[in-house]
Amino acid sequence: MAGNFDRQITIFSPQGHLYQIEYAMKAAGGEKGSADVRAQVERIRYEANEFWFNNGYSIPPHALAKRIADLSQVYTQEASSRTLACFILLIGFDDEKGAQVFKIDPAGHYLPYKGAAVGKYEPEAMNFLEKKVTELDALDENTTVEMAIMAMQHVLSTDFKGTEVEVGVVTEGGKFKVLTAQQIEERVNSISEKSDI
């Protein structure tokens, strides 16, 4: 397939593809990129803390997404660096723009979303969310959690118990909290009640 064209990071194939980027994208969809994910998370923490230290306030989510995307793009150009095989969903709250979701890929592209998914069932989950996009702006915290659980239930064709899924929420003010199994069970029961109607 790639022949002798995939040995260097910045060498294009005769078809115009960067094989190292394609390999990173494919690996990012699997489960083998955990070291890359850890490295990227550490870099995100570093950039956020550095911004706080230099400016005295938290970095806005869009600025952090752009910075991480820029760094990811640089990895595609330098022979001394390897493209990190991970997608990042960056979720935060901005005082001016409200809740924000950004998806950053290994090549350094970043885009804002109203709802996003990554991983093995990404196409199915994104299709589900695209059909619900008109509803997303009107959702409060509880119904947003329910929408996320419904997306997973739809994609995996199964119902969940509160102990079988973890849910994290970024609230206004930028506070992150993990819901308890009881809170998740309440949302799952609410979904079941709505579907029985």
Side-chain angles (χ1 to χ4, degrees), residues 17-45 47-48 61-62 64-73 75-76 82-93 99-136 139 141-171 176-181 183-185 187-188 191 195:
H17 298 199
L18 281 171
Y19 280 115
Q20 295 300 327
I21 300 301
E22 289 183 4
Y23 297 158
M25 295 279 202
K26 187 181 284 187
E31 298 175 6
K32 296 185 180 185
S34 61
D36 288 352
V37 172
R38 282 192 205 103
Q40 195 73 301
V41 168
E42 287 300 316
R43 185 58 190 237
I44 290 169
R45 288 178 177 158
E47 293 296 333
H62 68 277
L64 183 57
K66 182 178 183 336
R67 175 72 178 146
I68 296 305
D70 288 347
L71 291 169
S72 295
Q73 204 279 326
Y75 293 151
T76 69
R82 177 181 62 80
T83 303
L84 297 179
C86 62
F87 286 91
I88 299 292
L89 275 183
L90 185 67
I91 302 165
F93 191 88
Q100 295 182 297
V101 178
F102 290 91
K103 185 172 166 184
I104 307 164
D105 73 16
H109 300 114
Y110 78 104
L111 292 169
Y113 286 87
K114 291 184 181 210
V118 295
K120 184 177 179 181
Y121 296 104
E122 177 184 345
E124 294 89 346
M126 291 299 287
N127 186 38
F128 176 86
L129 292 170
E130 286 171 7
K131 290 177 182 174
K132 305 284 187 180
V133 74
T134 57
E135 302 171 28
L136 295 178
L139 300 180
E141 183 178 314
N142 287 335
T143 52
T144 300
V145 170
E146 290 173 13
M147 180 72 73
I149 293 171
M150 287 188 317
M152 291 192 321
Q153 288 176 335
H154 173 77
V155 167
L156 298 174
S157 300
T158 186
D159 291 333
F160 295 112
K161 296 178 186 169
T163 56
E164 296 175 332
V165 64
E166 293 181 34
V167 177
V169 177
V170 177
T171 60
F176 177 79
K177 66 178 181 179
V178 177
L179 299 185
T180 65
Q183 290 171 312
I184 297 169
E185 191 65 37
R187 302 285 48 92
V188 170
I191 293 168
S195 65

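Note: hydrogens, waters and symmetry copies are ignored here, and every other heavy atom, side chains too, is used. This structure is a prediction, so every number in the text was calculated from the model and none was measured.
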- Message: With salt bridge (charged side-chain N to carboxylate O under 4.0 Å, His left out) as the criterion, how do Arg38 and Glu42 come out once you've worked through the C-alpha distance, each side chain's angles and the decisive distance to 0.1 Å?
- Response: CA-CA 6 Å; Arg38 282 192 205 103; Glu42 287 300 316; over 6 Å; no
Name every donor-acceptor pair, under 3.5 Å, that has one atom in a side chain of residues 157-168 and the other anywhere in the protein, sequence neighbours excluded.
{"residue": "Glu164", "atom": "OE1", "partner": "Lys161", "partner atom": "N", "Å": "2.9"}

- Minimum heavy-atom distance Ser72-Gly108, with the two atoms named: CB-CA, 3.9 Å
- Task: Starting at CD of Gln73, measure out to NE2 of His109 and round the result to the nearest 0.5 Å.
- Result: 8.0 Å
- Note on the structure: Shortest non-hydrogen pair, Ala24 vs Thr83, comes out as CB-CG2, 3.7 Å
- Item | From Ile88 atom CD1 to Ile44 atom CD1, the distance as rounded to the nearest 0.5 Å | 4.5 Å
- Reported CD-to-OG1 distance for the pair Glu135 and Thr143, which is rounded to 0.5 angstrom: 9.5 Å
- Who passes salt bridge (charged side-chain N to carboxylate O under 4.0 Å, His left out) against Glu185, sequence neighbours left out? none
- Item | Stepwise side-chain contact (heavy atoms from CB on, under 4.5 Å) check, Met150 with Arg187 | CA-CA 10 Å; Met150 287 188 317; Arg187 302 285 48 92; over 6 Å; no
- Tell me, with the steps shown, if Tyr75 and Leu84 meet side-chain contact (heavy atoms from CB on, under 4.5 Å). CA-CA 8 Å; Tyr75 293 151; Leu84 297 179; 3.8 Å; yes
- Note on the structure: Between Glu122 and Val118, the two heavy atoms sitting closest are OE1-CA, 3.8 Å
- Message: Rounded at 0.5 Å granularity, tell me how far CG in Leu64 sits from CG in Leu90.
- Response: 5.0 Å
- For residues Leu156 and Tyr121, determine if any side-chain heavy atom of one lies less than 4.5 Å from a side-chain heavy atom of the other. yes
- Query: Ile104 versus Gln40: any side-chain heavy-atom pair under 4.5 Å?
  - Reply: no
- Apply side-chain contact (heavy atoms from CB on, under 4.5 Å) to Leu179 and Lys177, showing your working. CA-CA 6 Å; Leu179 299 185; Lys177 66 178 181 179; 4.1 Å; yes
- Could you check if a side-chain atom of Ile149 sits within less than 4.5 angstrom of a side-chain atom of Ile184, using non-hydrogen atoms only? yes
- Item | Shortest non-hydrogen contact from Ala27 toward Ala85 | CB-CB, 3.7 Å
- By ring-ring contact (aromatic ring centres under 6.0 Å, His included) - contacts of Phe128 (at least two apart): His154
- Message: Would you compute the distance between atom OG1 of Thr134 and atom NZ of Lys114 and round it to the nearest 0.5 angstrom?
- Response: 9.0 Å
- Query: So, for Leu129 and Ala116, which heavy atoms are closest and what is the spacing to 0.1 Å?
  - Reply: CD1-N, 3.7 Å
- Query: Just how far is it from atom CD of Glu146 to atom CG of Leu139, taken to the nearest 0.5 Å?
  - Reply: 9.0 Å
- Grab the two heavy atoms, one from Ala65 and one from Tyr110, that are nearest each other, plus how far apart they are. CB-CD1, 3.9 Å
